[in-house]
Structures are given as structure tokens and as C-alpha cells.
Number of protein chains: 4
Amino acid sequence: MSSGLQFGAGIWLFGQFIDRYATNAYGPPVGTIEAIERAGRVGGLVGLDINYPFPEEDLSLEQVKEALERNGLRAIAVTPVIYDQRFARGSFTHPDPAVRQQAIELGKQATDVARALGADYVKFWPGQDGYDYPFQADHLQLWDFTVNGIRAVAETNPDMQYAIEYKAKEPRVHLVLSSSARTLLAIQEMGVKNVGIVMDLGHSLFAKETPAEALQLIARHGKLTSIEVNDNWREWDDDLAVASIHLIETIEFLQAVERIGWQRPILLDQFPFREDPVEAARVSIKRIQALERLRQRLDQAALKEAQEKQDALQAQQLIFAALLGLDGGEE
Amino acid sequence: MSSGLQFGAGIWLFGQFIDRYATNAYGPPVGTIEAIERAGRVGGLVGLDINYPFPEEDLSLEQVKEALERNGLRAIAVTPVIYDQRFARGSFTHPDPAVRQQAIELGKQATDVARALGADYVKFWPGQDGYDYPFQADHLQLWDFTVNGIRAVAETNPDMQYAIEYKAKEPRVHLVLSSSARTLLAIQEMGVKNVGIVMDLGHSLFAKETPAEALQLIARHGKLTSIEVNDNWREWDDDLAVASIHLIETIEFLQAVERIGWQRPILLDQFPFREDPVEAARVSIKRIQALERLRQRLDQAALKEAQEKQDALQAQQLIFAALLGLDGGEE
Amino acid sequence: MSSGLQFGAGIWLFGQFIDRYATNAYGPPVGTIEAIERAGRVGGLVGLDINYPFPEEDLSLEQVKEALERNGLRAIAVTPVIYDQRFARGSFTHPDPAVRQQAIELGKQATDVARALGADYVKFWPGQDGYDYPFQADHLQLWDFTVNGIRAVAETNPDMQYAIEYKAKEPRVHLVLSSSARTLLAIQEMGVKNVGIVMDLGHSLFAKETPAEALQLIARHGKLTSIEVNDNWREWDDDLAVASIHLIETIEFLQAVERIGWQRPILLDQFPFREDPVEAARVSIKRIQALERLRQRLDQAALKEAQEKQDALQAQQLIFAALLGLDGGEE
Amino acid sequence: MSSGLQFGAGIWLFGQFIDRYATNAYGPPVGTIEAIERAGRVGGLVGLDINYPFPEEDLSLEQVKEALERNGLRAIAVTPVIYDQRFARGSFTHPDPAVRQQAIELGKQATDVARALGADYVKFWPGQDGYDYPFQADHLQLWDFTVNGIRAVAETNPDMQYAIEYKAKEPRVHLVLSSSARTLLAIQEMGVKNVGIVMDLGHSLFAKETPAEALQLIARHGKLTSIEVNDNWREWDDDLAVASIHLIETIEFLQAVERIGWQRPILLDQFPFREDPVEAARVSIKRIQALERLRQRLDQAALKEAQEKQDALQAQQLIFAALLGLDGGEE
């Protein structure tokens with residue numbers, strides 16, 4: 001590997017995809033073990049973010065652990081499925097307190113699974129927590145339910161690290177935890193030390209943030225638990241291969257990753273509906289590695305100087321010089 | 001009914017919803033006959049746009065006809081499912097000519113079904129025809145495949161009316177026929193007389209068009225085959241109940257519907273993931289009827305005069321006077 | 001007045017408009033005194049947010065005070081012009097420390113003017129503080145400069161209230177303080193008690209926030225200094241008359257304004273490039289008053305119940321019943 | 001030059017910038033002659049698109065011609081200023097027929113100037129023709145006024161080429177000729193042969209088109225009169241240096257430029273509010289030239305094959321191989 005970066009992936013990258021139109025799915029069913037084996041075939045992954053419960057009722061934790069080991073992988077994270085039918089009208093914010101409690105209980109079970117698998121953190125992605133229509137909800141009540149629910153899980157497991165993955169929307173039309181800044185405010189309200197943020201590069205682009213800035217802001221608050229990467233057209237969470245569209249901003253993001261001293265894995269979060277998932281993962285990894293090599297060609301001192309002057313043309317010239325093989329004078 | 005408008009609906013409004021996260025669906029399975037019965041319970045519908053093939057392999061056309069009749073409904077349109085697994089990489093634009101031919105064949109079969117059911121038109125919604133990544137495709141080839149494929153169906157059935165429903169994206173990240181103007185150009189290239197447009201109010205909002213203008217432009221070109229209605233947040237095809245968000249623009253759209261002399265049904269196209277579908281349909285119908293009554297309170301002569309002066313404040317004052325029960329002087 | 005709400009306006013609403021294309025302006029020049037007189041003619045305003053320095057070098061504070069009194073107005077706020085030629089490359093974030101200091105000094109002068117005029121607060125709208133190109137700036141340095149600059153002004157005047165008006169972009173392509181949550185985080189870092197937020201309804205819509213929620217979140221943090229209102233198409237700060245487009249969301253916003261117990265004026269922030277400004281202001285005021293009356297017809301107990309169930313259709317039905325004069329059963 | 005492309009620019013790139021906030025401008029005034037001299041200093045330009053009337057009342061055509069010659073430039077186009085104070089409420093669509101006629105007359109005068117300067121075409125950018133508020137206008141009347149006005153100019157000068165530059169919005173909130181497809185339809189209605197399109201890459205990105213596709217579609221219709229280039233964040237017409245953000249899509253666009261056999265100049269359309277304009281122009285030119293060299297390293301046969309398979313990963317791999325210096329196997 002040309003860079004020191006380590007890579008992981010969400011296990012869903014290797015599974016079956018479905019959407020509201022292709023209700024018979026984009027491909028055949030894929031079991032958990034098969035998904036792990038596909039991940040193993042990528043060749044550059046150190047571990048996975050694994051959904052719980054497993055789709056297969058009879059699959060044991062032991063079988064999952066064995067499959068991971070057999071493929072040279074480890075569990076990086078466990079993500080409880082708080083966004084399927086049971087939680088269609090909300091998980092931590094469901095209007096029925098019994099369902100809210102179910103979300104909390106599932107969070108606790110996922111914690112046990114994370115411990116058993118040796119995962120670094122439990123990730124909450126509350127994709128059903130929000131609203132669809134104006135006037136549908138008491139917005140601060142949704143906020144409070146979110147804060148209370150995640151805190152309830154985190155408080156009972158002070159030794160486990162939790163992380164929230166924010167996203168502007170989907171499947172809910174509007175999600176409560178929609179941006180990095182809002183999520184930082186929510187975490188402050190929780191008043192616990194073991195809840196951080198999974199920053200997804202694509203979600204940040206989609207939320208119209210400056211990803212390189214959001215990453216550093218989260219890190220400065222001491223709340224960066226993990227990083228996921230992909231790309232999109234900035235209007236939806238398209239989950240495409242890394243840097244496919246936002247190449248320049250991905251380089252700027254990788255600069256920020258180095259700057260904050262990131263040592264843990266970067267996880268691929270892609271939905272290759274119509275592509276081979278193993279190849280789609282490899283493409284992203286090789287592309288990031290190539291961008292890391294490119295960054296090593298960057299004249300960092302000159303870039304720092306240009307940025308201190310906020311000299312856009314000069315700063316960009318340095319990037320394009322590295323990217324297009326030009327010396328500074330020529331570009 | 002307080003207005004002369006007739007209402008239909010897409011049969012999918014009454015079916016089971018699923019998406020890429022709630023892969024176990026938002027509710028239990030719903031068969032075709034049950035969906036028709038739900039439609040019948042709405043009380044204000046004259047007919048349905050029906051997907052073909054039916055999800056149930058053993059369901060006969062006769063059974064569908066009987067269910068429609070029993071519920072006081074008729075088939076307004078037939079929409080072939082050219083966007084499921086088989087067509088995941090494209091229907092009319094699939095890279096494999098054999099699959100492109102399958103799309104054409106399915107279009108012809110849907111035509112036969114439309115004839116058998118007495119439907120007014122066959123609708124093509126080529127939701128998988130487009131691209132996801134920069135450089136993925138030869139764009140004019142996609143365009144030509146689209147034109148050729150739809151023409152191939154239309155030419156062999158000159159007695160049937162066809163209609164294209166344009167949409168900016170989803171499930172493909174970029175669709176070929178993304179706007180009203182582009183679809184008009186494509187229809188021109190087809191050189192056949194029996195292909196028109198289904199204008200979906202939500203797709204027009206989502207495409208950042210002015211729906212009232214797009215409707216009139218399509219009608220002026222003689223290509224308006226049908227109208228579908230719903231609402232969204234203008235950044236995705238949320239398929240919410242009519243006028244939930246864009247109330248003012250929906251009134252402007254209904255003005256245009258009257259102006260072009262529309263006599264055929266208006267079809268509801270909603271995806272009430274978390275709501276009761278019968279109630280969701282009723283809400284839209286009653287709201288449109290209320291807006292029709294409101295339009296009758298509008299001082300149309302004064303509005304016409306304000307629009308000729310392009311006097312925004314005066315034109316809006318007339319709308320708000322009707323909407324908020326104020327006389328012109330007070331608002 | 002049908003509601004207890006008081007109204008103010010930005011003085012710019014009554015001035016001359018110019019943009020990058022109509023460089024000879026949309027109308028003739030308007031002096032400060034004339035703008036105040038126009039504001040007086042509106043009839044429903046209690047005061048103004050006044051820019052400083054005044055465009056006229058020889059205009060005295062006394063003359064401004066007299067003009068305000070003569071027109072039954074007071075100074076609600078003073079907004080230093082930290083976004084013109086001198087600050088084209090930034091005010092608090094300018095790369096040159098001398099210019100950053102000029103911004104701070106201007107903030108202090110504006111404070112003196114605010115005291116002399118009896119204004120409630122000094123508003124900072126740092127519209128040039130941000131970046132245009134990827135890689136142009138060290139993002140956290142911009143953040144720190146912003147925090148430090150505003151704190152420097154606020155610390156030296158602990159008796160004066162300051163407020164930040166956030167905005168996603170314009171004139172800078174990306175502004176540092178782009179959203180309510182980011183601004184709350186920045187204010188926390190300042191560590192002073194006299195800096196709050198001016199929430200502009202249009203900026204919130206444009207930032208793709210839920211305005212009713214953002215308002216309550218800011219108020220809960222004790223940081224709501226003032227409210228400005230207008231409307232736009234949610235993709236730019238169009239500064240149109242209130243509720244012209246987002247009628248439903250404006251009602252939801254007004255519900256939140258009442259809920260937080262707001263007693264101070266609401267300020268109009270419009271740019272009627274092609275309309276009569278006095279009429280444009282009147283339209284907004286009358287419309288808000290009409291919406292306030294409408295809110296009084298709302299069945300608040302039923303709405304609360306619907307929101308607790310997160311029942312979108314029921315909650316919306318109550319709004320539409322009030323809006324379209326329907327009883328609940330009929331809609 | 002490493003590519004056969006020729007470059008021009010809009011004269012405004014070298015002028016004074018102003019906007020609605022920095023009403024005292026971003027820099028000192030720049031006269032027409034000085035702007036031409038700045039253009040001459042770029043070193044890579046063959047000509048200019050020149051606004052008419054000139055800002056200086058006493059400037060003669062001879063003086064302009066001499067300045068162009070002295071700087072090795074020619075007049076590529078003349079763009080009448082149909083968007084300043086006089087036309088603030090519309091040019092071809094102004095509600096007052098007398099002002100509509102003034103727009104037509106100015107178009108004819110610009111034609112005379114274009115003839116005198118030997119320009120290739122007269123460009124219409126009807127930036128004030130549209131609407132701001134729902135219900136403000138009779139939309140098809142706006143459409144007809146636009147078609148009629150441009151036709152009136154073109155018919156009386158059959159020997160001159162005209163071109164329409166479409167744009168989604170600004171300064172009007174909604175422009176009539178907002179997209180390539182809509183403009184093609186409008187040109188069809190005109191029924192004249194001498195009206196084409198200026199495709200501005202940034203406007204296409206901003207209109208959420210696929211620029212490489214829009215270019216080919218316009219060319220296929222035989223209506224491509226000229227090309228302008230720049231970049232933006234796809235939500236506004238930021239007029240930044242070429243490829244600053246959308247590098248990959250700019251390469252795809254340049255592929256299309258070659259594919260249609262474009263031989264005429266490509267014009268820079270930038271607004272370097274805070275940058276040196278000569279440097280901003282040079283940066284774009286050198287960057288395009290570097291991308292042209294990169295395109296020569298592209299394996300075009302393999303790309304064509306990948307596109308025929310619509311194989312996104314393979315097609316992108318070829319781009320990244322050329323861009324990051326990787327061989328195909330490695331990326």
C-alpha cells in the first residue's frame with residue numbers, strides 16, 4: 001500500500017440491493033457469510049461494519065466470527081437495524097414509547113454483539129427519525145427523543161463507544177440529525193462521553209457541507225469516531241465509488257484526514273446497484289491510494305502559504321500541478 | 001363533487017412499499033385485487049393506472065376486470081414494469097440489444113393488456129434509462145436508444161396512445177428523459193403521432209420547472225396525454241399528498257389545468273409509506289376540490305389584468321384574498 | 001392590528017438596489033433620510049435595522065434620530081457594513097490582520113452608534129467571510145478568525161447585545177456561519193454572553209433547515225436575539241414578500257414564534273428589486289396578520305394531539321381546514 | 001499551444017465587478033479600452049465578446065477596433081445590454097410594448113455594431129425575462145414575447161447570426177429560456193435559420209444538465225453557435241475558473257467538444273470578483289490545455305468500448321489512469 005491508510009467497509013456493500021421500484025432486487029439474495037467472503041476477496045480491507053440482527057435467524061455469532069477470521073477481517077463496528085419495518089415510523093423518535101424502548105433495547109443487544117465480535121464502536125444511523133410533512137411533528141420533541149434514546153443506550157454501557165452517522169434525509173424526508181453541527185449539539189445535550197460521530201463523506205457533500213472543514217470541526221470537538229467514504233452528485237446519497245465526481249474536494253478531504261492525524265480505518269460505504277461490488281470496492285481503495293501518492297507530490301509548504309493568503313488561484317494551481325503533472329510555472 | 005375534475009390513481013398507491021433500507025417493507029404484502037379494492041374504498045376515483053405484469057403469475061385479466069368493475073373503477077392506463085431486476089441496467093437503453101428488445105416486447109404486451117382492459121393509454125416510465133457516473137455512457141446513444149425503443153412500440157400499434165412520464169432521476173442517478181422540454185424533443189424525433197407525455201406535477205416541481213408553464217407548453221405542442229399529481233420538497237420525488245407543501249404553486253397549476261380545457265381524469269401518484277393509503281388518496285382529492293372552489297372565488301379578470309402588467313404583488317394579493325378570506329383592499 | 005406581533009424592517013428594503021448585471025441600478029438613488037420616510041409610510045412598522053456607516057458622509061446621527069422620530073420609528077438594530085469593497089476579501093476572516101482589525105473597529109463604532117440611537121442590538125452579517133474555491137483556505141483558521149473577531153467586539157462592550165445573521169452563501173460562495181447549528185457552536189466558542197443570533201426565515205429556508213425547528217432550537221439555547229422574515233425559492237436568498245411561496249411552512253414558523261413567547265418586533269428583510277417597497281412591506285405585514293388570525297382558528301389541542309401521534313395527514317388536515325374554511329370532517 | 005483549441009473571453013471578465021452588497025464595487029472602475037488591454041495581456045486570447053452600448057458615451061467604434069487590433073484581438077461577438085435599469089422588468093418580455101420594442105431596437109443596433117466590428121454573432125442573454133413570484137405572469141405570454149422579440153431582430157438581419165445564452169435564473173428568479181432543451185424548442189418556434197445557442201458550461205452545470213450531452217444535443221440540432229466555459233458549485237452561476245470543481249465533467253465536456261468537431265473559439269466567462277482577472281483567465285486556458293493533453297493520453301478505443309457496455313467502473317478507470325498516471329491494471 002502506498003499510503004498508511006487502512007480500509008474497511010460496510011457489509012451492506014456486498015449484499016443484495018433493492019429499492020422501491022426494483023422490488024424484486026438488483027441481484028440474487030446474498031447471505032451474511034457470503035457477503036463477508038466477498039469482502040475478503042477485495043484484498044485491501046481490514047474489517048467490516050456489520051448489521052445486527054443478521055438477516056438469517058439461525059446464524060450464530062461464532063459463525064460470523066469464523067467467517068471474518070477466515071477472510072482476514074475483523075468487526076470494526078456493529079450497526080443495529082433501527083430503520084426497517086418495525087421502525088418505519090421512527091426508532092428513537094417513534095410516537096409509541098414501546099417502540100422507542102425497542103430501539104433502545106436493540107441498541108443494547110448490538111452492544112453485546114459488538115463486545116462479542118470485538119468491534120470498536122456501535123453505530124446509530126437513525127434514518128427513520130424525522131418527519132415527512134410540514135406540521136407533522138413537534139420538532140423539539142423529536143430532538144429530545146433522539147437525545148434521550150441514544151443517551152439511554154450509551155449510559156448503560158459506559159465502556160462501549162457509540163457513534164451517530166448524520167444524514168440530511170432518506171428514507172425519512174427530513175432527518176433530525178441532518179448535519180455535523182446539529183449532531184455535535186445533540187451529543188452535547190446527551191452529556192455522556194462515549195458518543196461520537198461517524199462522518200460519511202457523501203453525507204457531508206449531500207448536506208452541502210465543506211467535508212474537509214466538517215471533519216476538522218468534529219475532530220476539534222473530540223467527537224470523531226469513524227470515517228466513511230463514497231461520492232454522490234450532491235443532491236442524494238448516491239453511494240458511488242470514491243472521487244468519481246468530487247475529485248478535488250476528495251483530495252481536500254484526504255488532506256484533512258492526515259491533518260487530524262487519523263490512524264484508524266476509513267470505511268467504504270457504497271451501494272453498487274449495477275456494478276460488481278468487489279470491483280467497486282477495489283476501485284475506491286486504489287483511487288484513494290493514488291490520491292495519497294498525489295498528495296505526497298503536493299508542495300505542502302507552498303499550499304499552506306497560499307491558504308494563509310487565501311489565494312484561490314495559487315492554491316488551486318498547486319493542486320492542478322500535482323494532478324496534471326505540470327510544474328507551477330506552467331499551469 | 002364541487003369541481004368538474006375526475007380523479008384516478010396509480011395502483012401502486014395502494015400496494016406494498018419497500019425501499020433500500022426497510023428491505024422487509026413498510027407493511028404486509030398487498031395483492032393486485034386487494035389494491036383495487038382499496039382504491040374502490042377511496043370513494044372518489046374513476047379508474048386506475050395498472051402495472052403489468054401483475055405481481056401474481058396466476059392472476060388473469062378477467063379477474064382484474066371483474067375487480068375493477070366491482071369497485072366502480074376502470075383501467076385508465078397500463079404501465080409496463082420496465083424498471084425491475086431484468087431492466088436494472090436499462091430498458092430501452094440497456095447495453096445488451098436482447099434486453100432492449102425485451103423492453104419493446106413488454107411494451108407490446110402491455111399494449112395488448114391495455115386493449116383488453118379498455119385503457120386510454122400505455123405509459124412508459126423509463127426509470128432505469130440513464131447513467132450513474134460521469135463517462136459511463138455515450139449520451140446520444142442513450143438518447144437514440146430511448147427514441148428508437150419507444151418508437152418501435154408505438155409504430156406497431158398506431159391505434160394505441162402511448163405516453164412518457166419524465167423524471168429527473170431515481171432509480172438511475174440521471175435519467176435520459178428528465179424534463180418536459182427534453183421529452184418533447186425526443187417525441188419529435190420519434191416521428192409518430194401516438195406518443196405523448198404524462199406530466200407528473202411532482203416530477204415537474206422536482207425538475208425545477210414551473211409546473212403551470214410546463215403543462216401549458218406540453219399542451220400547446222399537442223402532447224399532453226395525462227396528468228399525475230402529488231407533492232414533494234422539490235429535491236426528490238417524495239410522492240406526498242397534493243399541495244402539502246407547494247400550495248400556491250398547486251393552485252397556479254390547477255388554473256393551468258382549467259385553461260387548457262382538461263376533461264380527462266387527474267391521477268394521484270403517491271407513496272404513503274407511513275400513512276393509510278385510502279386516507280392519503282382522499283386527502284388529496286378533497287384538497288384539490290377545495291382548491292377548485294377557491295379558484296371560483298378568485299377574481300379572474302383582475303388576475304388576468306395583474307398578470308398582463310406582470311404585477312407580482314397585485315397578482316399575489318388576489319390569491320391571498322381568496323385563500324385567507326380577505327377582500328382586496330385589506331390584504 | 002389583529003395580532004400582537006410588532007414589525008420592523010431593514011432600512012435597505014427602502015433603498016436603491018443594484019446587482020452585478022444592472023450595474024446602473026434598479027432605480028434612482030435613495031438617501032438615508034428618504035429611506036426612513038418610505039419606512040414611515042408603510043404604516044405598520046415600529047423601527048428599523050440601520051446600516052452604518054451611512055452612505056452620506058455628511059449625515060449626522062442627530063439627523064437620523066430626528067427622521068426616525070418624525071416617522072414614528074426607532075432604531076431596532078445597527079448593522080455595520082462589513083461586506084463592501086474594503087471587506088471584499090473578508091471582514092473578520094480577511095487574510096490581512098490590518099483589515100481584520102478594521103472590521104473589529106467598525107463593529108465598535110457601530111456599537112457607539114447603536115447606543116446613541118438606542119438600538120437593541122448590533123448585527124453582524126459576515127457575508128464576505130468564507131471561501132469561493134476548494135483548497136482556497138485553511139477552514140478552521142477562517143472559523144477561528146470569525147470567532148475571535150466577533151468576540152473582540154463583544155468583549156469590549158459587555159453591555160451591548162450582538163447578533164450574528166447566518167447565511168449559506170452570497171456574496172461569498174461559501175460562508176463560514178452558514179447555518180443555525182454552526183452559529184450556535186461558534187457562539188459557544190466565543191465564551192461571551194452578549195452574542196446571539198438573528199434568525200432570518202429566508203436564510204433558514206435557503207439553508208434547507210426546518211425554520212420552525214431552527215427557531216426553537218436557537219431559543220432553547222437562549223441565543224435568539226432577533227427574527228427577520230421574507231421568502232425565497234429555497235435555492236437563493238431571493239428576499240421576496242413573506243409567505244409568497246412557502247405559505248404552509250410560514251404558518252408553522254409563526255406557530256413556533258408564538259410558542260417561544262416572542263414579544264419583540266419581527267423585521268422584514270426584502271429586496272423588492274422590481275416592486276414598490278412600501279407596498280412590498282405592507283403586503284408582508286398584512287399577510288402575517290392574516291396568518292395570525294388563521295392560527296387563531298386552528299384547533300390547537302387537536303393539532304398537538306396529531307403531532308404527538310406524528311400523524312401527518314391529521315395534522316395537515318387541521319391546517320387545511322383553517323386555511324380553506326373546511327371543517328375537519330370535510331377536508 | 002498543446003491543443004488546437006482557440007480561446008476568447010467576455011470583455012466583462014476584465015471589467016469592474018459590483019453586486020447588491022458591495023455597492024461600491026469590488027475594485028476601481030475599468031473602461032472599455034482598459035478592459036481590452038487587460039484581455040491582451042492574457043496572452044492566449046484571440047478575441048472578445050463585447051457588450052453594447054459601451055459604458056462610455058463618447059467611445060467610438062473606431063477606438064474599440066483600434067484597441068482590439070493593438071492587442072491582437074478581434075470581436076467574436078457583440079452582446080447588447082438588455083438587462084440593466086431600462087430592462088429591469090424585462091427586455092423582450094417587458095409588460096410595456098414600448099420597452100419590448102426598445103429591446104428589439106437595441107438588438108438591431110448591436111447587429112450594426114457587430115457588422116462594423118466583424119463579429120461572428122450577436123448574443124442575447126435575456127436575464128431579466130422571466131418572473132419572480134408564483135402567479136406573477138401568464139407564462140406562455142412570456143414565452144411568446146421571447147420568441148417574437150428575438151425573431152423580430154433575426155428576421156430583419158438574415159445575414160447575421162444570433163445566439164441565445166440560456167440560464168436557469170439570475171437576475172430574474174426564474175428565466176424563460178432556462179435550459180438547452182427549452183431554448184431549442186423556442187428556436188424552433190421562431191422559424192428562422194439564423195438563431196442558435198451559446199452553451200455556457202457553467203449554466204449547463206447550474207441547470208443540472210449533463211453538459212457533455214447538452215452540447216451534443218444542441219449540435220445535433222445544428223444550433224450550436226458558440227461555447228462559453230467556467231465552473232460553479234452547481235447551485236448558482238459562480239463563474240469560477242474552469243474545472244476548479246467539476247474536473248471530471250469538464251474532461252467529459254471537452255471530449256464532446258472534440259467529438260462535434262468544434263473549430264471556433266471557446267470563450268471564458270468568469271467573474272473573478274476577488275482575483276486578478278488576467279491571471280484568472282490564464283489559469284483557465286492553461287488548465288484546458290492540460291486537460292487536452294490528458295485527453296490525448298486517454299485510451300479512446302477502450303473508453304468507447306466501456307461506454308458501449310455502459311461499464312461505469314471501467315470507463316472511470318480509464319479517466320483516472322490518464323489523470324493519476326496509473327496504468328489500467330493498477331487503478
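Below, read A as the first sequence line, B as the second, and so on, with proteins coming before strands; counting in each chain starts at 1.
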Requested in this report: Name the option with the most non-hydrogen atom pairs under 4.5 Å to chain B; the candidates are A312(C), S244(C), A280(C).
Outcome: S244(C)
Report task. Decide yes or no for Q316(B) and V283(C): does some side-chain heavy atom of the first lie under 4.5 Å from some side-chain heavy atom of the second? Result -> no
Report task. Check whether any side-chain heavy atom of I248(B) sits under 4.5 Å from a side-chain heavy atom of I245(C), and report yes or no. Result -> no
Report task. Please answer whether the main-chain N or O of L313(B) pairs with a side-chain N or O of E275(C) as donor and acceptor at a distance below 3.5 Å. Result -> no
**Report entry** chain B interface, residue from Q310(C), R234(C), E235(C) that has the most non-hydrogen pairs under 4.5 Å
**Finding:** E235(C)
Query raised in the report: Just how far is it from atom CD1 of I319(B) to atom CG of L247(C), taken to the nearest 0.5 Å?
Result: 11.5 Å
Query raised in the report: Measuring heavy-atom distances to chain B, does D276(C) have an atom under 4.5 Å in its side chain, in its backbone, in both, or in neither?
Result: backbone
Query raised in the report: Where on L294(B) is there a heavy atom nearer than 4.5 Å to chain C: the side chain, the backbone, both, or neither?
Result: side chain
Query - Q300(C) CD: over 12 foreign heavy atoms closer than 6.0 Å - result: yes
Query raised in the report: Can you find a pair of side-chain heavy atoms, one from Q317(B) and one from R287(C), that are under 4.5 Å apart?
Result: no
Query raised in the report: Can you tell me if CZ on R259(C) sees more than 12 non-hydrogen neighbours from other groups inside 6.0 Å?
Result: no
Report task. Decide if atom CD of E305(C) counts as having more than 12 heavy atoms of other residues, nucleotides or ligands within a radius under 6.0 Å. Result -> no
